Amino acid sequence: MNEFSQVGDTELIDELSRLTTQTAKLRARMFDLMAELDRRRANAA
């Protein structure tokens, strides 16, 4: 029996939605940080 066997479809979908949103926000933040580092390196050169 796995950890999801006692969880309904709605709960699984809700958690997946939350995680997908969090992942998108983290990915956007990572791209912002990388862009800032690239700008700093370009200005230092």
Side-chain angles (χ1 to χ4, degrees):
M1 189 181 297
N2 68 36
E3 66 180 291
F4 303 120
S5 62
Q6 300 298 317
V7 180
D9 288 359
T10 301
E11 290 86 356
L12 291 175
I13 292 167
D14 287 347
E15 183 172 356
L16 183 58
S17 178
R18 271 193 310 278
L19 291 173
T20 301
T21 300
Q22 289 173 359
T23 301
K25 289 178 181 177
L26 288 171
R27 186 174 289 129
R29 182 68 173 155
M30 287 172 54
F31 285 128
D32 289 345
L33 291 170
M34 289 187 293
E36 178 60 22
L37 287 171
D38 286 345
R39 278 192 290 276
R40 291 181 184 196
R41 289 183 185 131
N43 288 336

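Source: prediction; values computed, not measured.
When hydrophobic side chains of Ile, Leu, Val, Met, Phe, Trp and Tyr are connected at separations under 4.5 Å, L37 ends up as a singleton with no cluster partners. Here F31 is tied into one hydrophobic group with M34, each link being a pair of ILVMFWY side chains closer than 4.5 Å. Taking a 4.5 Å side-chain heavy-atom cut-off between Ile, Leu, Val, Met, Phe, Trp and Tyr, the cluster of I13 contains only that residue.
In this structure, CZ in R27 is found 6.5 Å from OG1 in T23, a value given to the nearest 0.5 Å. Expressed to the nearest 0.5 Å, how far OG1 of T20 lies from CG of L16 amounts to 4.0 Å.
Here E11 pairs with V7 under the side chain to side chain contact (heavy atoms under 4.5 Å, CB included) rule; sequence neighbours left out. Residues that satisfy the side chain to side chain contact (heavy atoms under 4.5 Å, CB included) test with S5, not counting sequence neighbours, are M1, N2. Under the rule for a side chain to side chain contact (heavy atoms under 4.5 Å, CB included), the partners of L19 that lie at least two apart in sequence or sit in another chain are E15, Q22.
For residues 32-45, the pairs satisfying salt bridge (Lys or Arg N to Asp or Glu O under 4.0 Å) are E36-R39, E36-R40, D38-R41, with sequence neighbours left out.
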